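See below for the structure under consideration.
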Number of protein chains: 2
Amino acid sequence: MSVQERKQRERAQRERLIVATARELAEQQGWDAVTTRRLAERIEYSQPVLYSHFRGKREIIGAVALQGASEMAVAMRAATAAADGPRARVTALARAYLAFAERHPAVYDALFQLDGGLAYAQEDTPEPLKDAFAALLECLSEVAGDGVRPELFTETFWASLHGLATLTRAGRLPPEDTERRTELLVDRLAML
Amino acid sequence: MSVQERKQRERAQRERLIVATARELAEQQGWDAVTTRRLAERIEYSQPVLYSHFRGKREIIGAVALQGASEMAVAMRAATAAADGPRARVTALARAYLAFAERHPAVYDALFQLDGGLAYAQEDTPEPLKDAFAALLECLSEVAGDGVRPELFTETFWASLHGLATLTRAGRLPPEDTERRTELLVDRLAML
DNA sequence: CTCGCTTGTCTAGCGATGCTAGGATCGAAT
DNA sequence: ATTCGATCCTAGCATCGCTAGACAAGCGAG
């Protein structure tokens, strides 16, 4: 059986290569540049190989999104853990979120802008996505305020951050005042 | 010269037809279904005619966006005008914004999600876009709070609404609690 | 060690996309 | 009536996501 196991390992390895390459290409030149042909060429296999791993481009985007969700959760937890007091924690969370969106725009798009064929806010939502939301929830629960469901507050706060992130990156908002807008959001939304 | 004028009128008429048809098609089947071929077929002209009016698909999206911006401004002003007191006005504004996004998803996408080749938040920003922002600003200025620039507050509030709108429509947020999230946003962000 | 067969990969191609070149046609002006 | 310019369409290019079918490599059986 060792032969089959080796093949399986190699296959898994190649799948990781596909996802990593897709992500890299997307970060370098945007998701529009991630065509199945270019991707196949970069991993030095032919196009149909991609389809033996994923149903299509959509699933590749989904795979990048899941990877990104895990990283985002780690980044947010690290940021909040290093902060003292509820207010500092929320500020750190917001900054970490926006920094992630800015530093990894392609991953952020895979997560929240594009269709990766993933289920959100349901029972069958993939674990990394649930965990990323949980990371938000952990920090924001303590500032939701009385009579407000922590989940509801987290959703609202998250949506606000998402709006800032996307509008800024699309050039709809001047980037200079990002920090001030973030402060305003934290000051007003969080009950301290 | 009357002949030329007639031709010019007909040309303008056809241009409006293109924009209206593109918008209709986008609302019916999404922007992905708006291909230059389908669009050309619907207006009963050949493809290249589209390119004698617009540089490309992008500019058509832009034209729909401008139309939408004007309508959105009207809708928001109508909503705020019918409300008594600052709090009711802001609530009405938020509801009108989200309702517009929900009722005209394709137009909303053209405005804030897709690339219509338009300049935002600059001097050469088209008038309809400036006016839509102005409509937000008019209502939100009175609740920005002391020491907060009205523009900055408006941008932040707008971003929050945008986040709610997009995440809800993309299935990232359960739609049931939209109203409660809106209330939360108004209650916390606006200084009443 | 050889042979057949499964498994895996590649070449080639399909329909569709945005966009454009070049010829045909139609109408206005002389 | 004829010329000439504007207007429009046919046809085509490169590229897209995706797939069918041929081909080869490597396995287990005899």
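Quick caveat, the model's predicted, so the values are computed rather than measured.
A:Thr91 OG1 to A:Asp187 CG: the interatomic distance, rounded to the nearest 0.5 Å, is 7.5 Å. Once rounded to the nearest 0.5 Å, the distance linking CG of B:Asp131 with CE of B:Met76 reads 8.5 Å.
The neighbour count for B:Glu44 CD, taken as heavy atoms of other residues, nucleotides or ligands under 6.0 Å away, does not exceed 12.
For the pair B:Glu44 CD and D:dC9 P, the interatomic distance rounds to 11 Å; values are reported in whole Å. Here the C1' atom of nucleotide C:dG8 and the CD1 atom of A:Ile43 are 14 Å apart, to the nearest Å. At whole-Å resolution of the value, CD in A:Glu15 and P in C:dG8 are 14 Å apart. For the pair A:Glu10 CD and C:dG8 P, the computed distance is 11 Å after rounding to whole Å. Atoms CG (A:Leu50) and P (C:dC10) sit 10 Å apart, rounded to a whole Å. Distance B:Tyr45 OH to C:dC19 C1': 20 Å, rounded to the nearest Å.
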Could you run through nucleotides 11-18 of chain D and give me one letter per nucleotide, 5' to 3': B if any protein heavy atom sits under 4.0 Å from the base, S if only the sugar-phosphate is that close, - if neither? -B---BBB

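Ring centroid separation for the pair A:Tyr108 and A:Tyr97 comes in under the 6.0 Å cut-off. Ring pair A:Trp158/A:Phe112: centre-to-centre distance below 6.0 Å.
At the heavy-atom level, B:Arg11 lies nowhere under 4.0 Å from the strands shown.
Judged by the 6.0 Å and 45° rule, B:Arg14 forms a cation-pi pair with B:Tyr45.
Taking the screw axis at each terminus of the helix from C:dC1-D:dG30 to C:dT30-D:dA1 from five consecutive base pairs, the angle between the two is 20° to within rounding of 10 degrees.
Checked by atom type and distance alone, the side chain of B:Thr125 pairs as donor or acceptor with a backbone atom of B:Ala119 at under 3.5 Å.
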Take B:Asp84 and B:Arg89 through the test salt bridge (charged side-chain N to carboxylate O under 4.0 Å, His left out) and record every step on the way to the result. CA-CA 6 Å; B:Asp84 272 5; B:Arg89 267 193 289 277; 5.7 Å; no

